[in-house]
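Naming convention: chains lettered A, B, ... in sequence-line order (proteins, then strands); numbering from 1 in each chain. Just so it is clear, the structure is predicted and the values come from calculations on it, not from any experiment.
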Amino acid sequence: MQKKSGGIFKELLENKQIFKDREYLRPSHIPENFPHRDEQVNRLARIWVAPLRGETPSNVFIYGKTGTGKTATVKYLMEELEHVAGDLSREVEVAYLNCEVVDTKYRILATLSNKIRETLVGEIDDVSDLPEKVPMTGWPTDEVYGTLLTLLDYRKQVIIVTLDEIDRLVSKGTSDVLYLLSRINSDLDNTKMGVVGISNNLNFVSDLDPRIVSSLGEEEVVFPPYDANQLEDILEERSEKGFADGVIEESVINLCAAHAARKHGDARKALDLLRNAGEIAEEEEAQKVTTDHVTRASRKIEHDRMEEAIKSLPDQSKLVLLSVLLLQERKARKIGTGDIYEVYSSLCRQHGWDVLTRRRVSGLISELDMMGVINARVVSNGRYGRTKEVELNVDPLQVRSAVQREIYIQDLDSLPLSKQKKLG
DNA sequence: CCTCCACCGGAAAGTCCGGTCG
DNA sequence: CGACCGGACTTTCCGGTGGAGG
């Protein structure tokens with residue numbers, strides 16, 4: 001078995017490579033070309049050329065569903081902007097915040113202020129008269145705001161702040177920070193700030209204070225979803241850089257694009273699918289990536305997504321799901337809400353957990369149905385009442401492994417059910 | 001045609017919890 | 001620090017219902 005030393009690596013190296021550089025196939029990669037986004041790129045560039053002239057750029061709202069290239073486009077333009085500003089020795093700073101991660105007024109102001117402090121520290125000699133770093137918690141909010149103002153005004157510059165997933169702020173009720181930012185320029189003497197809001201949700205403006213909308217939404221740029229042909233162009237471009245020459249069949253890209261187009265024109269999904277197909281092909285040392293690999297990649301992604309969803313379920317929902325599993329393993333007969341509740345409640349008692357109400361469990365069953373983990377439909381058994389008929393919609397083994405971590409799975413037969421259902 | 005089972009599912013009130021404000 | 005707030009999760013309450021059996 002053992003070959004001469006290093007043999008195993010040499011062998012792998014000599015195999016035909018599927019990938020040239022898989023970084024190009026990751027959604028996080030920021031390309032230089034944005035197929036079918038000329039209009040958006042041009043409009044944004046026209047707005048963001050302002051700081052190069054020392055002017056304040058208009059505030060912009062950018063809308064578009066996930067995977068329409070909003071974030072990548074903005075990040076790319078911001079990098080370019082910094083670049084050119086450097087060449088022209090203009091004082092232009094950019095800051096990017098994701099409101100999904102940084103989601104409170106305090107944290108936004110603190111993060112922003114620390115970022116600006118950091119760039120200053122890198123550029124000036126005497127750091128001693130800068131305000132100190134804002135801790136992640138503890139200060140009064142207006143003190144953080146004051147620090148931010150001091151740092152911003154430390155020298156003359158133009159700064160563009162990007163707030164990605166800005167709609168999260170509205171749904172978390174922290175949109176007042178937007179009001180603060182929208183009028184920050186009146187508190188500043190040297191620096192001018194422009195704000196970019198990126199939103200996945202087209203309607204989020206309607207839940208926003210009109211004052212914020214009028215000042216932050218000076219310009220609006222919409223990123224529509226890609227259709228299948230456009231996705232194909234994107235995949236084509238990426239795969240040329242990411243995959244080795246000739247390993248991709250034309251129909252493969254076609255299929256990936258079609259899959260993703262059906263699912264809301266999400267370029268991220270399309271890329272994930274293509275890359276996963278490549279990884280499967282690589283794993284089995286195939287010479288080419290085929291449509292079969294795509295199909296399997298699609299299944300794998302779906303499988304992983306489901307497993308992730310089940311794992312992140314609240315414990316109570318897991319128990320409900322587990323009850324369905326146990327019932328189904330035991331008897332393939334119709335499973336009704338009552339059956340589930342019975343098993344569920346004895347599982348709860350078994351683990352010493354609170355037992356939720358029937359009403360709640362009924363709701364949880366509906367939620368699991370929405371997720372697609374189970375199928376539930378209401379049926380009437382006439383004389384014998386009305387109930388949801390439930391069946392598992394995923395591999396039972398998958399449920400077991402996803403649920404097992406925190407729940408000790410016991411055999412249904414050894415559970416002390418309150419009453420044994422009709423026998424034979 | 002009426003009954004009545006075994007639930008469904010909307011509405012509203014209650015509980016918890018993390019975060020914010022004074 | 002305690003009062004207060006809003007959101008997520010639950011419970012309580014309850015009117016509603018398709019159809020087998022009478």
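- Spacing between atom CZ of Arg386(A) and atom C1' of dG19(C) amounts to 10 Å, rounded to whole angstrom units.
- Remark: Glu283(A) pairs with no residue by the side-chain contact (heavy atoms from CB on, under 4.5 Å) rule, at least two apart or across chains.
- Judged as a salt bridge (charged side-chain N to carboxylate O under 4.0 Å, His left out), the pairs with a partner in residues 216-243 of chain A (not counting sequence neighbours) are, in order, Arg43(A)-Glu219(A).
- Distance Tyr145(A) OH to dT20(B) C1': 19 Å, rounded to the nearest Å.
- Under the 3.5 Å distance criterion, the side-chain polar atoms of Asn276(A) are left unmatched by any main-chain donor or acceptor of Ser298(A).
- Between Lys388(A) and dG9(B) there is a side-chain polar atom (N or O) within less than 4.0 angstrom of OP1 or OP2.
- Between Asp354(A) atom CG and Leu356(A) atom CG the span is 7.5 Å, to the nearest 0.5 Å.
- Scanning for ring-ring contact (aromatic ring centres under 6.0 Å, His included) contacts around His29(A) gives Tyr24(A), with sequence neighbours left out.
- The CG-P distance, from Leu180(A) to dT20(B), rounds to 14 Å in whole Å.
- With sequence neighbours left out, the side-chain contact (heavy atoms from CB on, under 4.5 Å) criterion links Pro314(A) to Ser317(A).
- Note on residues 57-84 of chain A: no pairs pass salt bridge (charged side-chain N to carboxylate O under 4.0 Å, His left out), not counting sequence neighbours.
- Atom CD of Gln316(A) is separated from atom C1' of dT11(C) by 13 Å (rounded to the nearest Å).
- As rounded to whole Å, 12 Å separates atom P of dT10(C) from atom CH2 of Trp353(A).
- Considering only residues two or more places apart in sequence or on other chains, Tyr154(A) meets the ring-ring contact (aromatic ring centres under 6.0 Å, His included) condition with none of them.
- Listed by first then second residue, pairs satisfying salt bridge (charged side-chain N to carboxylate O under 4.0 Å, His left out) with a partner in residues 356-385 of chain A read Arg360(A)-Glu367(A), Arg377(A)-Glu389(A), not counting sequence neighbours.
- Listed by residue number, the members of residues 356-365 of chain A with any heavy atom below 4.0 angstrom from DNA chain B are Arg359(A), Ser362(A).
- Residues satisfying the side-chain contact (heavy atoms from CB on, under 4.5 Å) test with Ser251(A), not counting sequence neighbours, are Glu249(A), Thr291(A).
- Contact check of residues 375-384 of chain A against DNA chain C (heavy atom, cut-off under 4.0 Å) returns Ser380(A), Gly382(A), Arg383(A), Tyr384(A).
- One interatomic measurement links the two molecules: CD1 of Ile335(A) to C1' of dA6(B), which rounds to 17 Å at whole-angstrom precision.
- The CG-C1' distance, from Asp339(A) to dC7(B), rounds to 12 Å in whole Å.
- Applying the side chain to side chain donor-acceptor pair (under 3.5 Å) test to residues at least two apart or on different chains, none of the pairs has a partner in residues 253-268 of chain A.
- To the nearest angstrom, C1' of dC9(C) lies 14 Å from CG of Leu313(A).
- Comparing the local axis fitted to the first five base pairs of the helix from dC1(B)-dG22(C) to dG22(B)-dC1(C) with the one fitted to its last five gives a bend of 20°, rounded to 10°.
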